[in-house]
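Heads up: the structure comes next, in structure tokens.
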Amino acid sequence: MTVKLYNTLSRTKEIFKPIRAREVGLYTCGPTVYNYAHIGNLRTYLFEDILKRTLVYNGYTVKHVMNITDVGHLTGDRDMGEDKLEKGAQREGKTAWEIAAYYTRAFQKDIERLNILDPTIWCKATDTIPEQIALIRTLEEKGFTYHTRDGIYFDTARFPDYTRLSHQNLDALQEGARVEKNPEKRNATDFALWKFSPEGVQRQMEWDSPWGVGFPGWHIECSAMSMKYLRDQLDIHCGGTDHIDVHHTNEIAQSEAATGKPFFNFWMHGAFLIIAGGKKMAKSEGNFLTLENAFVNQAIDPLAYRFAAFLTHYRKPMEYSADAIEGARNGLQHLRNQVRTLQEKAGDIAAQGTGNAEFRAKFMTEINDDLNMPRAMAVVQELLKSDLDASVKLATLYDFDNVLGFDLAQVDQEEKLPEDIQRMADERLQARADKNWALSDELRDAIQDRGYLVQDTPQGTKVFKP
RNA sequence: GGCGGCAUAGCCAAGUGGUAAGGCAGCGGCCUGCAAAGCCGUUAUUCGGCGGUUCGAAUCCGCCUGCCGCCUCCA
């Protein structure tokens, strides 16, 4: 089976071929940990999870590196010395280091709740300062840098293929359209590799460097870390679509300028989650929803978001609405109920291996076509509606779940009922035996109010948490 | 201004030349003491608008309308 992936570099779907035969190097841009991730951020990590699981499903081993940006980028060229982490620290009365540690944990909890597989390697920007400095020094030796009063900058005019990824027309760039421009920059697209700590200011995060005390620029960490951990396996680099024009363009420029070799063969970008009115979800827009407040606190299983995300292709903007989430929530619950029903009918599932080969091939065709999850989800429905034996269906579903990540094999693990719920269930059983329907219905309502489902089946009454 | 994207049923959406996937909601039925769950069936003569190319277009071309992203950090 071949995997086709849309490569932003060529703007076409290409047949994926890793540098090594069976092991893929994957780098995914991680969060800046100065606040909670919002569900729009999380959409991108879900896309990357599907990418990784699809590669694994195809028999590849994936060496996955994700960075944690725990040093603040400046909020703008002119905000001398103020960055998001230090600002967050001020806001919350903690140190920048505490802020970073706190939101790193929060992020890791979020991805765990979404069943996103952990990367092979987590790496922190602050742990690779020496590598970043070394990279900047190489660039300096090769003549790609220049000093300004506030830092060391990369001269993009020296890198001929600067717009390879962005396909921008540099003459038409409107520098300073939204922010005051830095008069010392030689070209509008030049960017800082190293920033000096402002005079008279003691930053919480600053390091010595050959150029003076300061902190790394906005893009250098990803170059340094991907080269450090993936070396000669620079296969796929992912991030949000907003990274194409600036962050990834600059990463390519500085990396290739330093090494003289191509940086990553595949660049993949996830589209935004948008909300009513078509606006992106963003911290700066003040419309951001976290997994915590939009799902966990609403008693909605976070996996409903996973389900929802798979109903839209990763390269298309996804409409967020309460109705859409309600639909996904119901869809996931329905799927789990179907699995429960199958489990009751199924015989030896293990004997079925990975299930039905025909459906497996169909499923694989879809995920291998640039991760077409909406179609893969349709294949799941087709399988469910087919007249295959329950054990075969279930084995096939469990196999698909290696990619889907809905924990379908776990739905049968019914937890023990709390004592009072169990007592009500017992009383209701007696009421039914007495044909006291009024009492029976009252008890059913009471149990359901507590979040449990009551089902009277031919095999007896079942009470469980949905 | 440049680059890029979006517009398909009540909602979320797939589909890039061959006559509209799938999910949710709704409706009808089976089952049930009634439900729930499950199952079966059903729901767009039509794809933002107007032209054009073609035997044939949601899909290609032109024009128009509306919306959005990036060009500052941002998934």
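Computation of the quantities below employed the complete heavy-atom set of this structure, encompassing side-chain atoms and omitting hydrogens, waters and symmetry-equivalent molecules. Letters A, B, ... mirror the listed sequences (proteins, then strands); counts begin at 1. Note that the structure is a prediction, hence the values are computed from the model and not measured.
A:His237 and A:Ser226 share no side-chain donor-acceptor pair at under 3.5 Å. Donor-acceptor pairing under 3.5 Å is recorded for the side chains of A:Asn293 and A:Thr290. In this structure, a donor-acceptor pair under 3.5 Å is present between the side chains of A:Thr128 and A:Gln132. No donor-acceptor contact under 3.5 angstrom links the side chains of A:Asp426 and A:Gln430, judged on distance only.
Within the 4.0 angstrom heavy-atom criterion, base atoms lie near A:Pro374. Among the heavy atoms of the strands, none lies under 4.0 Å from A:Thr163. A:Val246 comes within contact range of the sugar-phosphate backbone alone, with a heavy-atom separation under 4.0 Å but no base atom that close. Within the nucleic acid shown, A:Gly40 comes within 4.0 Å of at least one base atom, counting heavy atoms only. Counting any heavy atom pair closer than 4.0 Å across all strands shown, A:Arg315 reaches no nucleic acid atom. Contact annotation for A:Ala324: backbone-only contact, meaning every heavy-atom pair under 4.0 Å involves sugar-phosphate atoms and none involves a base. Residue contacts for A:Arg329: at a heavy-atom cut-off of 4.0 Å it reaches no nucleic acid atom on any strand shown. Using a 4.0 Å heavy-atom cutoff across all strands shown, A:Ile325 reaches no nucleic acid atom at all. Looking at heavy-atom distances under 4.0 Å, A:Arg428 makes contact with a base.
Under 4.0 angstrom from either OP1 or OP2 of B:A25 there lies at least one side-chain N or O belonging to A:Asn330. Here A:Arg11 reaches the OP1 or OP2 of B:G4: one of its side-chain N or O atoms lies under 4.0 Å away.
Closest approach to the A:His219 side chain among B:C73, B:C70, B:C11 is made by B:C73 (side chain taken as heavy atoms from C-beta onward). Proximity note for A:Asp441 (side chain, C-beta onward) versus B:G33, B:C71, B:G22: the nearest is B:G33.
Ring-plane geometry between A:Tyr103 and A:Tyr36 is classed as perpendicular, the angle between the planes exceeding 60 degrees on a 0 to 90 degree scale with a lower cut at 30. Ring geometry for A:Tyr314 versus A:Phe47: interplanar angle under 30°, hence parallel rather than tilted (30 to 60°).
In this structure, the CG atom of A:Asp370 is 14 Å from the C1' atom of B:A14, given to the nearest Å. Atom CD of A:Glu326 is separated from atom C1' of B:G26 by 14 Å (rounded to the nearest Å). Atom C1' of nucleotide B:C3 and atom CZ of A:Arg164 are separated by 17 Å, given to the nearest angstrom. The interatomic distance linking A:Gln381 (CD) with B:A14 (C1') rounds to 13 Å, in whole Å. The nearest whole Å value for the distance from the CG atom in A:Asp434 to the P atom in B:G33 is 16 Å. Rounded to whole Å, the distance from NE2 on A:His269 to C1' on B:C74 is 13 Å. In this structure, A:Leu311 places its CG atom 16 Å from P of B:U8, rounding to the nearest Å. Atom pair A:Glu319:CD and B:C67:P shows a separation of 14 Å (rounding to whole Å applied).
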What does the list of N/O pairs under 3.5 Å between the protein and nucleotides 37-43 of chain B look like, with a distance for each?
| from | atom 1 | to | atom 2 | distance (Å) |
| --- | --- | --- | --- | --- |
| B:A37 | O4' | A:Gln455 | NE2 | 2.8 |
| B:A37 | O3' | A:Asn337 | ND2 | 3.0 |
| B:G38 | OP1 | A:His334 | ND1 | 2.5 |
| B:G38 | OP1 | A:Asn337 | ND2 | 3.4 |
| B:C39 | OP1 | A:Gln338 | NE2 | 2.9 |

Strictly under 3.5 Å: I want the nitrogen or oxygen pairs between protein and nucleotides 15-18 of chain B, one per line.
| from | atom 1 | to | atom 2 | distance (Å) |
| --- | --- | --- | --- | --- |
| B:G15 | OP1 | A:Asn372 | ND2 | 3.2 |

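B:G69 has no base stacking with the ring of A:Phe272 when judged by centroids under 5.5 angstrom apart and an interplanar angle below 30°.
Contact check on A:Arg329 versus A:Asp301 returns no salt bridge, with no Lys/Arg side-chain nitrogen under 4.0 Å from an Asp/Glu carboxylate oxygen. Taking the charged nitrogens against the carboxylate oxygens, A:Arg164 and A:Asp161 do have a contact shorter than 4.0 Å, which makes a salt bridge. Salt bridge status for A:Arg186 with A:Asp155: present, with a side-chain N to carboxylate O gap under 4.0 Å.
At a cut-off of 3.5 angstrom, the base of B:C34 holds at least one donor-acceptor pair with the side chain of A:Asp456. Evaluation of atom-type donor-acceptor distances gives a pair under 3.5 Å for the side chain of A:Arg444 against the base of B:A35.
Nearest-nucleotide assignment on RNA chain B puts the 5′-proximal partner with A:Tyr6, out of A:Tyr6 and A:Thr312. Taking for each of A:Gly30 and A:Ala328 the nucleotide of RNA chain B with the nearest heavy atom, the 5'-most of the two is the partner of A:Ala328.
Residues forming a salt bridge (charged side-chain N to carboxylate O under 4.0 Å, His left out) with A:Lys94 (at least two apart in sequence, or on another chain): A:Glu92. A:Glu344 pairs by the salt bridge (charged side-chain N to carboxylate O under 4.0 Å, His left out) definition with A:Lys462, not counting sequence neighbours.
Annotation: cation-pi geometry satisfied between A:Arg203 and A:Phe215 (NZ/CZ under 6.0 angstrom from ring centroid, within 45° of ring axis). Geometrically, A:Arg336 does not engage A:Phe406 in a cation-pi contact defined by less than 6.0 Å to the ring centre and at most 45° from the axis.
B:G66 and B:G10: their P atoms are spaced 23 Å apart (whole Å). Look at the P atom in both B:C74 and B:C67: the space between them is 28 Å, to the nearest Å. Across the P atoms, B:U46 and B:U8 are found 16 Å apart, a figure rounded to whole Å. Spacing of C1' atoms, B:C12 relative to B:A7, comes out at 15 Å, to the nearest Å. Spacing of C1' atoms, B:C50 relative to B:C55, comes out at 23 Å, to the nearest Å. Only the C1' atoms considered, B:A14 is 37 Å distant from B:U32, to the nearest whole Å. Rounded to a whole angstrom, the distance from the C1' atom of B:G26 to that of B:G49 is 30 Å. Nucleotides B:C27 and B:C61 are separated by 42 Å at their C1' atoms, to the nearest Å.
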A:Asp150 and A:Tyr153: CA distance, side-chain angles, deciding distance, side chain to side chain donor-acceptor pair (under 3.5 Å) verdict = CA-CA 9 Å; A:Asp150 64 315; A:Tyr153 279 75; 2.9 Å; yes

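Taking a pair as Watson-Crick or G-U wobble with both distances under 3.5 Å, RNA chain B forms stems of 3 or more consecutive pairs at B:1-7 with B:65-71, B:10-12 with B:22-24, B:26-30 with B:38-42, B:48-52 with B:60-64.
Within the structure, every pair that satisfies the side chain to side chain donor-acceptor pair (under 3.5 Å) test and touches residues 387-397 of chain A, not counting sequence neighbours, is listed here: A:Asp389-A:Ser391.
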